[in-house]
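Written below as structure tokens is the structure these notes are about.
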Amino acid sequence: MMKKIECIVKPFKLDDVKNAITELGISGMTVSEVRGFGRQKGHTELYRGAEYQVDFLPKIKIDLVVSEEQVPAIIAAVQKEACTGRIGDGKIFVSDVEQSIRIRTGENGIEAL
Amino acid sequence: MMKKIECIVKPFKLDDVKNAITELGISGMTVSEVRGFGRQKGHTELYRGAEYQVDFLPKIKIDLVVSEEQVPAIIAAVQKEACTGRIGDGKIFVSDVEQSIRIRTGENGIEAL
Amino acid sequence: MMKKIECIVKPFKLDDVKNAITELGISGMTVSEVRGFGRQKGHTELYRGAEYQVDFLPKIKIDLVVSEEQVPAIIAAVQKEACTGRIGDGKIFVSDVEQSIRIRTGENGIEAL
Amino acid sequence: MKKFFIALSTVALVALPVLALAEDAPVSEMTYILNTFSFLIMGILVMWMAAGFGMLEAGLVRSKNVATICLKNISLFGIAGVLFYLCGYNLMYAGVDGGYIGSFGLWAADDAAALAGDYSAGYSSSSDWFFQMVFCGAACSVVSGCVAERIKIWSFLVFCIVLCGIIYPIQGSWAWGGGWLSEMGFADYAGSTLVHSVGGWAALTGAIILGARKGKYGKGGRVNPMPGSNIPMATLGTFILWMGWYGFNGGSVLALGDAASVVEMGNVIANTNLAACGGMLAAMAMVQVLYKKVDVTMGLNGALAGLVSITAGPQTPSLGAAILIGGVGGVLVVLAVPFFDKLKIDDVVGALSVHLVCGIWGTMAVPFTNAETSFMTQGIGVLSIGAFVIVSSSVVWLVIKYTIGLRCSEEDEYRGLDLAEIGMEAYPDFQTVHLGGMGTAAYVPDAAPAAARVNSPVKQN
Amino acid sequence: MKKFFIALSTVALVALPVLALAEDAPVSEMTYILNTFSFLIMGILVMWMAAGFGMLEAGLVRSKNVATICLKNISLFGIAGVLFYLCGYNLMYAGVDGGYIGSFGLWAADDAAALAGDYSAGYSSSSDWFFQMVFCGAACSVVSGCVAERIKIWSFLVFCIVLCGIIYPIQGSWAWGGGWLSEMGFADYAGSTLVHSVGGWAALTGAIILGARKGKYGKGGRVNPMPGSNIPMATLGTFILWMGWYGFNGGSVLALGDAASVVEMGNVIANTNLAACGGMLAAMAMVQVLYKKVDVTMGLNGALAGLVSITAGPQTPSLGAAILIGGVGGVLVVLAVPFFDKLKIDDVVGALSVHLVCGIWGTMAVPFTNAETSFMTQGIGVLSIGAFVIVSSSVVWLVIKYTIGLRCSEEDEYRGLDLAEIGMEAYPDFQTVHLGGMGTAAYVPDAAPAAARVNSPVKQN
Amino acid sequence: MKKFFIALSTVALVALPVLALAEDAPVSEMTYILNTFSFLIMGILVMWMAAGFGMLEAGLVRSKNVATICLKNISLFGIAGVLFYLCGYNLMYAGVDGGYIGSFGLWAADDAAALAGDYSAGYSSSSDWFFQMVFCGAACSVVSGCVAERIKIWSFLVFCIVLCGIIYPIQGSWAWGGGWLSEMGFADYAGSTLVHSVGGWAALTGAIILGARKGKYGKGGRVNPMPGSNIPMATLGTFILWMGWYGFNGGSVLALGDAASVVEMGNVIANTNLAACGGMLAAMAMVQVLYKKVDVTMGLNGALAGLVSITAGPQTPSLGAAILIGGVGGVLVVLAVPFFDKLKIDDVVGALSVHLVCGIWGTMAVPFTNAETSFMTQGIGVLSIGAFVIVSSSVVWLVIKYTIGLRCSEEDEYRGLDLAEIGMEAYPDFQTVHLGGMGTAAYVPDAAPAAARVNSPVKQN
Ligand SMILES: Nc1ncnc2c1ncn2[C@@H]1O[C@H](COP(=O)(O)OP(=O)(O)O)[C@@H](O)[C@H]1O
Ligand SMILES: Nc1ncnc2c1ncn2[C@@H]1O[C@H](COP(=O)(O)OP(=O)(O)O)[C@@H](O)[C@H]1O
Ligand SMILES: Nc1ncnc2c1ncn2[C@@H]1O[C@H](COP(=O)(O)OP(=O)(O)O)[C@@H](O)[C@H]1O
């Protein structure tokens, strides 16, 4: 079985998380910039005499599709690296993936990762 | 059980949707900018005497991971707020999430949300 | 049953993939820009006498929610169009979607797509 | 009274005893050359201000309206040139004779006398035309920033035609053209009133008649900021304006051919510079005190406020007085911006606060350092020109509104004028942020009538 | 014939009866000073046009090629300076004597006479060198925009070396250097032909030899727009060019030391301005009519078209005629852009339409307002210079192509020259849009031979 | 010795036999006018350099600090104006008399003599004040780029106050104010040492006392590049500086009223241009050879290096020598940038390499082409001014550090000064890239003490 792990982390943690994951032998991931809304509150900005609240904070989402048995190690690694101990460190979500294909070769399943 | 709700909405609806969701007691969400292709057709642009079709329209994707029982209320709220009645209002997709971890504390499952 | 197909492809393949998919009668998709890390290595950049490695390469992610029976045809089409035969062509991931709603009409399930 | 050059002598208007002597001397060829060259070089600097306004405004609107504001700023300068040729110059300068208006007619150069060796005209006619024309462009530029992000481009350009061709020159004839205000002794050296507040009044009526941008003012008096998209571009625009202003004020000496003029030009340029410094630093300090942060756009506006403030009388103050005059302008701008917001007059770039408010302040401040002027006369000038521009520009705005229409549709406003009217994006390669809740490209829907939206099913987004 | 200053008198070439008198008078020190100062100030304005071209082109290429075009634009100006010193100036001006070429050799200032009190040279030699040099830079700038986004940077710079050092000065000697065209009476006041169309011809041969950008022309004659990345920057570039053009044309009076020259300078600057206005407004109107939208880049190109059009003869038209001459240029540019696209000649910024087409138009339009010129002579000038530049630049392009290579690899073109040749991004902090289907950073693969792609496995993207 | 204008004659300092004659002649009104006008026009060009520095630095910092650097650059120019009025000018020029310092006191214009017909002052006092003031602004601009991205804005502005009001004028009095260095024969025509290396020394002490940006230097001597956010803006800044430099050096002739001055001005401008060309091309070639790519920012720095290098003596070299002097500057800058990185002195825009290193080089190179100077005297000037500025600026930096604080918090540095101190984003509409691993907006955490982070729980990101 394959799992998808979505990690939402603070932007400056990307490098550390990436390194930790690759050390576990994972060779691929897909990263995107997102904006997070959560317990961590945003900040106010000022423009020409009017203040306003910016609620959404920049976060990085890392998507990994991996085989089931790798999940615990990855979760542990991400948690260790991405944790600063302060609000807004982010989340890890795990869900099922049914099928994976490597476009270049047509390989299937775990081999495709 | 936890569910992931992906809402694709028109950009200017983000604020309303966010407010409606937070009123339901949901305290977190992750937002990203996407481009949508659908029944709503794009527009043509003009550049130096040549027109071209822009098929992809800006949309906002809101990802929410919530506990199963909250799903119907959230769907109702999003639908109410994001609906303008015109083509391109967007979609809501729901899927399973197996595991959630709060990075800061290591909390698990529903508590992590 | 509905499935979500996530395709990660090289940016310049978007048009071809989009066309192939629409020819299969799929009328909607959601696209986002992502950065991929994988077997395809990045490149080095130079800034004021110091070189540095850029590991993440621009990729396009195409999300499609479709009915189960369309999946094989779509996978075949995407693979055909997105394949250049060289490293970094990308992946296709398939997973379950439980529910779909069209915000505008409230339609449900396959009709919502 | 400046700007109305009395041809007998290049120095007739400079009230310095020593020059009594010079007044009778015939204008020499060298004087003629230098006066002309000053008009040309200083005029080029003033033209450059059109670019400054363009960059300032391009930096202070949201990215979806940037291409449109660029086009407006460059095309209004084109309109100013053509209209000042077609009728503007003559309406402003031909045969005003203490009256209220010049005459209609194409302008044409006439330098036969000078070419025949008689230099009493003092400068070449084209150089004068050019120098006066670029001032007309500046008045238009003031309007464009204020009414940005919601006005249709062709409607705006039609307004510019009338402003450049009719409104600006008529009021201009009153003071600089030798009309009734000039006879009365009204002093506006380089145009705090004649250029800046004229642009300001026209912008004010436009902003009121157009209404605010959708979503700018929320329920309960809430002001929703719509931050400008490119701060360095706005900064560049301010630098350009600052540079161009040396020509705006320095060239308004209207002469370079004698020592007194060039001494005056030096004083004018030094004062202009220090008024800008004073305005900027005062605005920055004020913002820091009021808001605990230094809003950079307020600093920029402060510099411009200082420049506008000194423009009515840059030749008489000491350097210290120039700092103060500019500094008051800087304070005024920080107060005026939220004031206009309170009135729900939506001024995208702060043009009213800078050009109208400080234009008035600058004009009224002249008597502090210039004994030949009076508060009364200055007030009459400010009020009469204000009244004329308010009325005439309102008429024009309303005529446009009820004929070809003034404001773009709500959908177009949301999508941005660049896509709607230009069919192009200003920054097509960049992913722009549309997260409404971030206050940036926000479209706050509580201001949008749902019915309107439902009725236009084609262009929805 | 202009630009070839006859040292006996600063006014010898101005055909005005009143000046017959002046011609015999010795040049005074004041005249010498003013002429020199005009060269310097106007030359500085022309130098500023290099920045204008840079910003215009940086705004009109896609973000992945922006750093490269910036580098090209500033380094070509460096090359122009060095080459004009090494051989350009002398090839153009030293001992041409009605012939076809000057002499080889380093240029060096010689002002001994003036320092000894003999001002008959009319101006300092360095000021003249500087003023002529900046024109040479302008011709190069025209080329860089047209061949952008696919040419290798060093190959481009090698071409610039030959253009600045050999091609430009040789043809320049024919008219401005006092060569055969000048003897014939060919009139090109500030370089519609000598600068702009020369750059245009060199760009044309370059664009043809290079071929179009991958994906620009699709199947069935489809043109795939590749929109420029930064419209306000392109607008700024146009404003800069407009400003610099006052120096380009105004400085080409080549004198400031007498009333006739300064009258002419005033007329030249006013006409230059109105031609730009006319070109811009005509192009905008034309685009609105044809496409129902106002393409801002066409408006910008229209202004430039007006400027190029007036450049061959800005001293003789009335203001009205200047508007017309510029206006025709504006119309031409709107027609020429799709025309070149039809021919599949890929001109990234519209340089051919602006500089080549309007350069020819402007040169041919001179006889309409200048009785001393003839269509025949003007035509001979256009054709002979065109032929020379086409042949010589083709040779240079081809030599480069078959030695160090001209065009970057397809992979590099796709990744962008900034990464490929500079190793840097122009906007590294910004997320740029790579959605091929949006027509922006599009790489339309039907133009790419699959084989080529498979053979270079390393640099794939 | 230049810049200290001997009022008896405009040409006293130009060592040309023919002028012996002129020295006794009284200054004519025309000469007075032209000298003044030159100060004003050239001063405007130098003011424009403030915009150039602003755009260069805005282009070379990361997007999160862009609004702040814009504000710093425009406000430092405001400070320079006010401080030069309050005390700077008099400290530099009033009664130095071979000594070490002028006198304290407000500056005020005094042109009574000229207005009474005695032109022996040579130029109007305001024009001189203006021209000297803009140079003071330039020294500040050098500092701002070097210490960017980590210094608190008000702390920086306090430093500018002292630099403009005290440090710059005192050392300036030594040479240009007629102080001891000028008596000794130290030659710095337009300020390689007095302006550029002064800014450079102040920047050096600032950069050392502030420390490097977090994450700039990794373990094992690794340098983590933090690429600038907007290359075309940096290019524009360089073009602006290049243009302004014609005024910087050309205006430093300090006269325009006689043929010798204008000949010199022509030579100065041509040399200035070619030194920039030489610097740029040398830097580009050097980078290509060393790194196999042409780093565009090094090309830009190379042009500036050439300009700084020629500034100490632009009047004496031949064009060829100017290319060489500039070219050596261009090579130096390519070597100096990694050198300072090796020392872990974090110079964000390369200000030290350009202004300090080439300022020294340019000053020491003067004797190669100017027989009236000696390496010894030049060295004494460089060292004494260097020592003075190092000591005085270190004191000021340290006082600020231990009173109001110099450096922003680590959190603020990570979030960017724009949000932290201005409460605004420079490009709010654009999605900016925060992918640490891409080396762009990188915050390399190995440099960040974990404890510090945990202690400030509020502002975390
Ligand atoms: N229920 C949720 N669904 C999706 N994303 C969430 C959810 N809750 C939080 N997030 C994401 O996680 C980020 C961090 O959450 P936050 O509540 O601020 O702090 P913490 O991670 O410490 O609980 C948010 O910015 C958001 O991107
Ligand atoms: N099958 C699909 N899979 C993923 N996203 C889709 C799908 N269909 C539509 N979408 C997304 O929903 C958006 C709106 O769909 P569209 O067909 O334009 O209108 P409507 O929501 O009214 O049906 C699209 O722009 C796209 O982002
Ligand atoms: N395990 C994975 N999980 C998520 N995305 C992946 C994974 N592996 C690869 N990818 C994505 O696919 C892209 C291509 O992968 P890569 O290993 O470079 O080449 P290939 O597709 O030829 O195997 C990557 O850039 C990344 O975006």
Side-chain angles (χ1 to χ4, degrees), chain D residues 16 18 30 34 38 41 45 62-64 227-232 234-236 238-240 242-243 246-247 250 256-263 265-267 269-270 273-274 276-278 280-281 284 288 291 293-297 299-300 303 318-320 323 427 430-433 438 440-441, chain F residues 29-30 32-33 36-37 39-41 43-44 47-48 50-51 54-55 58-59 66-68 70-71 73-75 77-82 85 106-109 111 114-117 119 123-130 133 153-154 230 233 236 418 421-431:
Chain D
L16 285 161
V18 64
M30 270 307 141
L34 289 173
S38 170
I41 294 294
L45 285 174
R62 289 167 293 171
S63 53
K64 62 186 179 180
S229 51
N230 196 327
I231 297 300
T235 307
L236 176 65
T238 306
F239 268 120
I240 293 174
W242 190 325
M243 184 194 195
Y246 296 130
L256 178 67
D258 55 291
S261 298
V262 83
V263 165
M265 191 181 283
N267 292 336
I269 287 179
N273 188 70
L274 282 183
C277 299
M280 179 171 56
L281 298 176
M284 281 172 63
Q288 173 74 32
Y291 302 104
K293 302 217 163 164
V294 222
D295 180 327
V296 56
T297 68
L300 303 179
S318 66
L319 291 187
I323 296 178
Y427 303 105
F430 298 98
Q431 187 145 342
T432 49
V433 175
M438 302 190 60
T440 55
Chain F
E29 186 174 10
M30 270 308 142
Y32 182 91
I33 292 171
T36 302
F37 192 58
F39 271 154
L40 294 175
I41 294 295
I44 291 172
M47 171 272 172
W48 185 221
M55 293 304 108
V66 166
T68 303
C70 287
L71 181 58
N73 271 281
I74 198 163
S75 56
F77 187 72
I79 284 175
V82 173
Y85 156 66
L106 296 186
W107 180 85
D111 299 291
L115 294 175
Y119 305 115
Y123 44 73
S124 98
S125 51
S126 289
S127 69
D128 173 44
W129 178 87
F130 178 66
M133 180 274 291
I153 183 159
W154 288 107
N230 197 326
M233 199 137 263
L236 175 64
D418 288 1
E421 301 218 59
I422 315 262
M424 182 182 286
E425 294 167 67
Y427 304 105
D429 279 13
F430 299 98
Q431 186 145 344

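Letters A, B, ... mirror the listed sequences (proteins, then strands); counts begin at 1.
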May I ask you to test the Val262(D)-Tyr123(F) pair for a side-chain heavy-atom distance under 4.5 Å? no
Can you list everything that forms a side chain to side chain contact (heavy atoms under 4.5 Å, CB included) with Ala426(F)? Sequence neighbours excluded, please. Ile231(D), Pro232(D), Val66(F), Ala67(F), Asp418(F)
Between chain D and each of Val82(F), Ile74(F), Asp111(F), count heavy-atom pairs under 4.5 Å; write down the option with the most. Ile74(F)
Side chain, backbone, both or neither: which part of Ser318(D) has a non-hydrogen atom closer than 4.5 Å to chain F? neither
Does any backbone or side-chain atom of Leu236(D) lie under 4.5 Å from a heavy atom of chain F? Answer side chain, backbone, both or neither. both
Shortest non-hydrogen contact from Asn73(F) toward Phe239(D): O-CZ, 3.9 Å
Is any side-chain heavy atom of Met30(D) closer than 4.5 Å to a side-chain heavy atom of Met30(F)? yes
Among Leu274(D), Ile240(D), Thr297(D), which residue has the highest count of heavy-atom pairs closer than 4.5 Å to chain F? Leu274(D)
Checking Ala276(D) against chain F: side chain, backbone, both or neither under 4.5 Å from a heavy atom? neither
Can you confirm if the aromatic rings of Trp242(D) and Phe77(F) lie within a centre distance of less than 6.0 Å? yes
Most chain D-contacting option - heavy-atom pairs closer than 4.5 Å, from Ala80(F), Ala50(F), Ser125(F), Gly59(F): Ala50(F)
Under a 4.5 Å heavy-atom cut-off, does chain F meet the side chain of Asn230(D), its backbone, both or neither? both
Of all heavy-atom pairs linking Ser75(F) and Met284(D), the shortest is CB-SD, 3.5 Å
Proximity breakdown for Glu29(F) and chain D, heavy-atom pairs closer than 4.5 Å: side chain
Heavy-atom pair of closest approach, residues Cys277(D) and Gly81(F): SG-CA, 4.1 Å
Per-residue contact mode, Met280(D) against chain F (heavy atom under 4.5 angstrom): side chain
For Asp429(F) and Ser229(D), work out which heavy atoms get closest and say how close. OD2-CB, 3.8 Å
Can you measure from CD1 (Ile422(F)) to CG (Asp295(D)) and round to the nearest 0.5 angstrom? 8.0 Å
Using every non-hydrogen atom in the two residues, find where Gly266(D) and Ser124(F) come nearest and quote the distance to one decimal. CA-OG, 4.2 Å
Quick one: CE on Met265(D) to OG1 on Thr36(F), what's the gap to the nearest 0.5 Å? 10.0 Å
Just how far is it from atom CD1 of Ile269(D) to atom OG of Ser127(F), taken to the nearest 0.5 Å? 9.0 Å
Do you know the tightest heavy-atom contact between Gly228(D) and Pro428(F)? O-CG, 3.0 Å
